[in-house]
Amino acid sequence: MSSSFVCGGKVIPESYGLSVRGGTCRGLHCVKNADGRDSMVLWLMDRFCERVLQIDAETGEAESIPIPGETDFAPFVSLCSRAGKSYSLFCHYFLEFDPELKKFTFVEKVGAGAGLGMGMMEDEAGNIWCSAYPDCHLFRFDPVTREFKSYGQINKTDFPQYPYTMVKEGNIIYIGIGFTCGQVVRYDPESGKSEQIIPENLAPAGEPLKVYRYSDGNVYASGKKTAFIIKDGKAEVVKAIPADVVPLVDSRTGDAGMMMKEFPSGRKLVEFDVKNGTFVTTAADGSDRKEVKFFYENRGTSMMDITVNDQGIAAGGGSFPFWFGKLDCRSGEKTVEFAGVQCNAITSHGKYFYIAAYHGGQLLKLDPDQPWTLKNAMKIDTPDLNSNPVFYGAVRNEICRPHAITVAPDGSYFVAGGTPAYGTTGGGIAFVDTASGKIEVVPHTKLAVNEAPHALLILDDELLLCGTAVYPGTGGRQLATEGSLFIYDMKEKRTIWQSKALGKLDAVFQLLQLDEKNVLGYTSNDEVFLFNVPERKIVYQKSIAEVGPAAMAGSCRALLKSPDGRLFFLGKKHIAQIDPENGSIVKAVEVSGGIQMSGAVYGGKVWFASENQWKSVPLP
């Protein structure tokens, strides 16, 4: 622990170290180096993906090579060519990495509609093709001539597109797309002509269609319950893809987490653990098993939410890999457990932590005095009231990505809300009875149509105040034009009041109760507002852009109230005291290193995350 002090208008936070050391594989390719030795190229995601690791398969020696350009996320797809080069497209850069030269040998910046590659393939001539999210752009790179060609947007929609898979048949490219509407696009690179070949009435909603060549030589497109055979540029419905045929999936390319298993020498990679820094290889026949350790510098994995219980235990959740961490605010002692879900929204009641998790709206209650024992929470649906955390169930359709959670004053129930399943619109809320485990889900059609709950506050035994966002589920079609406030009567089970009085905004991010009559809120317009509950009236709206925007991730916890009643706002660089009478800034201090995600008040300090570390500063 380092001490903190205030100097020149800045506050230097105490650091309690990395939230969790580790990272995630965003693509691993088995290649050879300049000496002909087996090695691996690992697209590593810790906080972001700012480098690749090249790891010697014999010794475990790992070299870190910075990725050119500005990165703020990580690859979704990668490809290893037959020539042994490694490719990806993310953060608007198409990249070629040469493991023999140990450097990036081609870098091309692409446009705004192509932020993230989704599908990649190598054709018979060795060209590298890539389709990109969100606007379904298509690119081709010739590794011999070094020509990089953009074909632009080949399919226009009013929602983000996930062009996951591609097949080339002659000169024609077929691309499978999701999520809002599953579709296959036929594209002719020579003429530039494209067309959707799945009839609109047969296109599945809320899921992708994935297109592959199968072992019978045919090209099929399939979804969860839908299948088509593609012949002569047309798609025909089939009852099912024949059971005795399989997709010819190229082992050299794949989406996030893809691991290529065969080395040029013929040896095989049978285990790879990026978190613990170990891997195992064998000869082709499974003999000569070798376990190797490797080490890499690490900056920790991203944090999603922080809260503190009444025992002074801070809890935080993170992603890639999904983990749950605890920090004793009194001693600085840390523990980390791998949770199997991304703990997007966390709150506390007494000593217990209540969690709403992504991906799938898992609803949990954790006893922090006991170890995390729940396994595979992302993959199960059956409640388990004896596990730790208690697993009440998953609300996958209405709250796939939770953003808000609140607990009743007596702990008898809690409420969670968020955005819905991929490709759909309109999020719901879930009421969970903590004793019986019963879950009651209320869809957006009974709350605020086509909007999604982003902030929740229990006002009393009967009323729930909610602030909404216009955001659809990931990859969905936005239908609402502005967020709103509404009040839901929990006894009558209906919305009794709704208002757009806050004007045009994308989201109400947070609600904080000041007293029996007044609630302070924060919006996507970098405004705070005061809402008078009995009068159903917005008392004021005030811009705090000079200290905003809020530091937030899975949920928003930027508005904080200290035990003495003072109100604070946590921006990405500042902590500001807010006057509740008019929303003006009383004073502000700049936090050295910034604030990545907020936040909680305990023991006279503000607790938050920055640079993937647990940190705190004294209350200003």
Side-chain angles (χ1 to χ4, degrees), residues 25-32 38-43 52 54 75-90 93-101 103-108 110 114 116-133 136-151 154 162-177 184-190 210-215 217-221 230 246-264 266 269:
C25 170
R26 302 293 289 199
L28 184 143
H29 303 151
C30 293
V31 295
K32 64 180 180 180
D38 286 343
S39 66
M40 292 169 281
V41 173
L42 170 65
W43 297 82
V52 295
Q54 186 159 348
F76 180 84
V77 68
S78 61
L79 178 146
C80 182
S81 71
R82 294 188 294 272
K85 305 294 195 304
S86 186
Y87 297 90
S88 189
L89 187 157
F90 70 106
Y93 286 92
F94 178 88
L95 303 162
E96 177 191 67
F97 179 78
D98 188 328
E100 294 189 9
L101 299 176
K103 67 178 184 179
F104 285 89
T105 47
F106 187 84
V107 180
E108 181 78 16
V110 298
L116 188 62
M118 284 281 159
M120 293 189 103
M121 71 174 180
E122 181 180 13
D123 66 19
E124 293 180 356
N127 294 300
I128 309 300
W129 295 82
C130 183
S131 55
Y133 166 95
C136 197
H137 283 237
L138 182 65
F139 304 97
R140 177 181 59 82
F141 175 64
D142 186 329
V144 176
T145 66
R146 317 304 284 170
E147 178 192 24
F148 181 83
K149 183 170 183 178
S150 172
Y151 294 92
I154 65 167
Y162 286 71
Y164 280 130
T165 51
M166 289 189 289
V167 169
K168 190 169 186 283
E169 193 168 49
N171 293 324
I172 302 300
I173 305 287
Y174 293 99
I175 301 179
I177 294 173
V184 175
V185 173
R186 179 186 187 274
Y187 182 71
D188 183 343
E190 293 184 3
K210 294 190 176 182
V211 56
Y212 297 108
R213 187 177 302 282
Y214 279 68
S215 56
N218 291 314
V219 175
Y220 294 94
I230 299 173
V246 295
L248 302 178
V249 178
D250 190 343
S251 64
R252 288 178 170 267
T253 187
D255 58 18
M258 169 264 183
M259 292 186 187
M260 183 179 167
K261 298 296 182 70
E262 295 185 358
F263 290 99
L269 178 70

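Just the heavy atoms: all of them, side chains too, but no hydrogens, waters or symmetry mates, feed the values below.
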Checking [X] now: which residues fulfil ring pair (Phe, Tyr, Trp, His ring centres under 6.0 Å) with it, not counting sequence neighbours?
| X | result |
| --- | --- |
| Y187 | Y151 |
| F139 | F148 |
| Y164 | F76, Y162, F179 |

| Under 3.5 Å side-chain donor-acceptor pair for S131 and H137 | no

[X] side chain near [Y] side chain, heavy-atom distance below 4.5 Å:
| X | Y | value |
| --- | --- | --- |
| M258 | S78 | yes |
| Y220 | V211 | no |
| L28 | L269 | yes |
| V31 | S86 | no |
| V184 | I230 | yes |

| message | Using 30° and 60° as the class boundaries, would you call the ring planes of F141 and F94 parallel, tilted or perpendicular? | response | tilted

| field | Under the salt bridge (Lys or Arg N to Asp or Glu O under 4.0 Å) test, residues paired with K168 that sit two or more places apart | value | none

| Residue list, salt bridge (Lys or Arg N to Asp or Glu O under 4.0 Å) with E108, at least two apart or on another chain | none

| task | Apply side chain to side chain donor-acceptor pair (under 3.5 Å) to Y87 and list each qualifying residue two or more places apart in sequence or on a separate chain. | result |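 Result, side chain to side chain donor-acceptor pair (under 3.5 Å) vs Y87: E96.
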
Under 3.5 Å donor-acceptor, [X] side chain and [Y] backbone:
| X | Y | value |
| --- | --- | --- |
| R186 | Y174 | no |
| S215 | V246 | yes |
| R252 | L79 | no |

| query | Of T165, I154, V167, which meets side-chain contact (heavy atoms from CB on, under 4.5 Å) against I175? | reply | I154

